[in-house]
Amino acid sequence: MKVIIAEKPSVGRELAKVFGATTRKDGYIEGKGYSFTWAFGHLLQLAPPQEYGYIGWRKEHLPMLPAKFKLSIRKVKTKDGFVEDPGVRKQLDIIKKLFDEATEIIVATDAGREGELIFRYIYYYLKCKKPFKRLWISSQTDEAIKDGFRNLKPGTDYDTLFNSAHARSQSDWLVGMNATQALSLSAGNRSVLSLGRVQTPTLAMICARFLENKNFVPQTFYQIAIQLDKDGQLFKAISVANFNTQPEAQAVFDKVQDVASGFATGGNITAVEAKPRKEPPPLLHDLSSLQQEGNKKNGFTADQTLNLLQNLYESKLVSYPRTGSRYIGDDVFATVPQLISTLTDHQLFGNQATFLQTATLNKRSVNAKKVTDHHAVLITGVKPYNLSKDHQAIYDMVAGRMLEAFHQECVKEITKITIESGSVFIANGTVIRSAGWRSVFNEVEDEKKDEENPALPKVKVGELLPIVNKALLEKQTKPKALYNEASLLKALETSGKEIEDEELRYAMKDSGLGTPATRAAIIETLLTREYIKREKRSLVPTQKGLAVYEVVKDKKIAQAELTGQWEKRLEEIRTGASVEEFKAEICEYTKTITQELLLAGIGISAQFAEAAV
DNA sequence: GCAAGGTC
């Protein structure tokens, strides 16, 4: 008998279905000479410090550098502290039984670094010696699955991938566990002051933005607004120049030839420009873009959106949620017309679904090369009923975005009129000529400028119009906004873009800071530690968070670039570079950061005592 | 008590 092990139940069941295996057992499915089983993500993790004899938090233990790492069963937090997850233990027992009976194992965990690690940790923990082959597919359609099984790879082809995964895992443990204990002990051991490759740069981003915002000195400047009349249609124009002082602005203001100053037609049209602008439809949603939208539209936290989406996934209403891709392959695209047809009676956008049934679908979101482990989030075509308000909101975001993504482009006409009257003024106007994808939600754009006219009248160069109103506006420059969940998620995704080094940036491109599956948890960790708090919709640091930031802000552990550097090395390991060299460097860095944090302690203990008040 | 990674 052959055993096929997937990363999660949904994939295991899908594979069984393709093979026609139907006998449901506890924790696996049997049939056609195969057993299909699954993990629930990582079942095993690197054992905590106490399992290497580092009992209690003590400076003498630091740095903790286990000679050989151990694995332990994933724990859950209960009221009696951390205990082995009983569900995980049970599934591991099932996997062990199946592995023992197996003639061969086929590894069908997700095609990536963590997928490889999930299987290998199980395999080594169970001390299994059976031969294994690797299924490597990037799409879950029947055809892709069958094709993958016809082309199984030798398990050892992925040894270097496992090496890179294991190095990632150990490095995070070494740096995170040691830095956390060092800082906590240093600061007087009053509370857990956690540090890590991902959470600390994230905290640093929030703190830096907060301080920049708080210390921002607004500059006053002046503008002049005028209102013109074209055959009864009024429109607004703003001075091209900004003025730093009131008298400067006043002098120009006085020269405006408005009706009240005795000029019947003092506005001279010197230029008219009108050009169409085409806006392609937005891409389908990945988890991060959905979390951003959930935050903007409904005020959901990243964690809430993930949970709601997970529920919809478990009810088979949407596809796999923790995806980082905003594309689908051609095979999935072939099912889109059918999915659209399930929405024709939707009360919000049923008419748009009906329209799309006969329209040519836009293929901007179709690109098999940009589909990684999982494709973009789609509805499944299963009809929802009786969803809670929040579940419905998320479902509609997925369904509505699908309609938008395959809809036509939106065509706008951008008009710019230049007027002279003592000084130069510009009137901007935007008219939607063809709404296209924007007709799905029919919402006003969020970045509408307040000085923008919806539509401008037809005017010609040389025309003279009456200026019926003028105003001197006093304005202030604004600081960058504080982070909220939406803007923070976006910043985590693209932190690579702010990195100068080309090669480092490339290594960051696909990873950013954290992964789609973990970003919500990172924000929650910072909240749990009381490093940050929610203030209305913003995320702001607490005194404690700022105190941690002050200690680490110039250290490598607080830089997003650290992840980029690691990713570059891990990719080299995947292609065969020495893992020992990298591990040695990580050990060195662990010693350095631990030492620095322990030394920092003398000065900072008092500061944390204050922050605790 | 602690990381980051995955998922019910």
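Just so it is clear: chains get the letters A, B, ... in the order the sequence lines come, proteins before strands, and each one is counted from 1.
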Strictly by side chain to side chain donor-acceptor pair (under 3.5 Å), give each pair with a member in residues 307-321 of chain A just once, sequence neighbours left out.
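Sorted result for residues 307-321 of chain A: S10(A)-Y313(A), Q310(A)-E314(A), Q310(A)-R322(A), N311(A)-H391(A).
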
Reckon R322(A) has a side-chain N or O less than 4.0 Å from the OP1 or OP2 of dG5(B)?
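For R322(A), the contact criterion (side-chain N or O under 4.0 Å from OP1 or OP2 of dG5(B)) is not met.
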
Taking only the side-chain nitrogens and oxygens of R190(A), find out if one of them lies under 4.0 Å from OP1 or OP2 of dG1(B).
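No.
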
Partners of [X] by salt bridge (charged side-chain N to carboxylate O under 4.0 Å, His left out), sequence neighbours excluded?
X	answer
K591(A)	E588(A)
K370(A)	none
D554(A)	none
K90(A)	D26(A)

Any heavy-atom pair between the side chains of Y34(A) and F19(A) that's under 4.5 Å?
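When only atoms from C-beta onward are counted, Y34(A) and F19(A) do touch, with a gap below 4.5 Å.
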
So which of [range] are in contact with DNA chain B, with a heavy-atom cut-off of under 4.0 Å?
range	result
residues 3-12 of chain A	E7(A), K8(A), P9(A)
residues 308-320 of chain A	Q310(A), Y313(A), E314(A), Y320(A)
residues 171-181 of chain A	D172(A), W173(A), G176(A), M177(A), T180(A), Q181(A)

If the condition is side-chain contact (heavy atoms from CB on, under 4.5 Å), which residues does [X] pass it with, not counting sequence neighbours?
X	answer
V540(A)	F210(A), L482(A), K533(A), E535(A), S538(A)
V83(A)	V76(A), T78(A)
P384(A)	L317(A), L387(A), Y395(A)
A182(A)	L62(A), T594(A), L597(A), L598(A)

Over all strands shown, is V198(A) touching base, sugar-phosphate only, or nothing at heavy-atom distances under 4.0 angstrom?
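Touches sugar-phosphate only.
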
At 4.0 Å (heavy atoms only), tell me whether S169(A) reaches a base, stays on the sugar-phosphate, or touches nothing.
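The answer is base, as S169(A) lies within the cut-off (heavy atoms under 4.0 Å) of a base atom.
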
If you pin T518(A) and D85(A) to their nearest nucleotides in DNA chain B, which one's is more 5'?
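Looking at the nearest nucleotide for each, T518(A) comes out on the 5' side.
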
Quickly work out the L193(A) CG to dA3(B) P distance and round it to whole Å.
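About 11 Å, once rounded to whole Å.
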
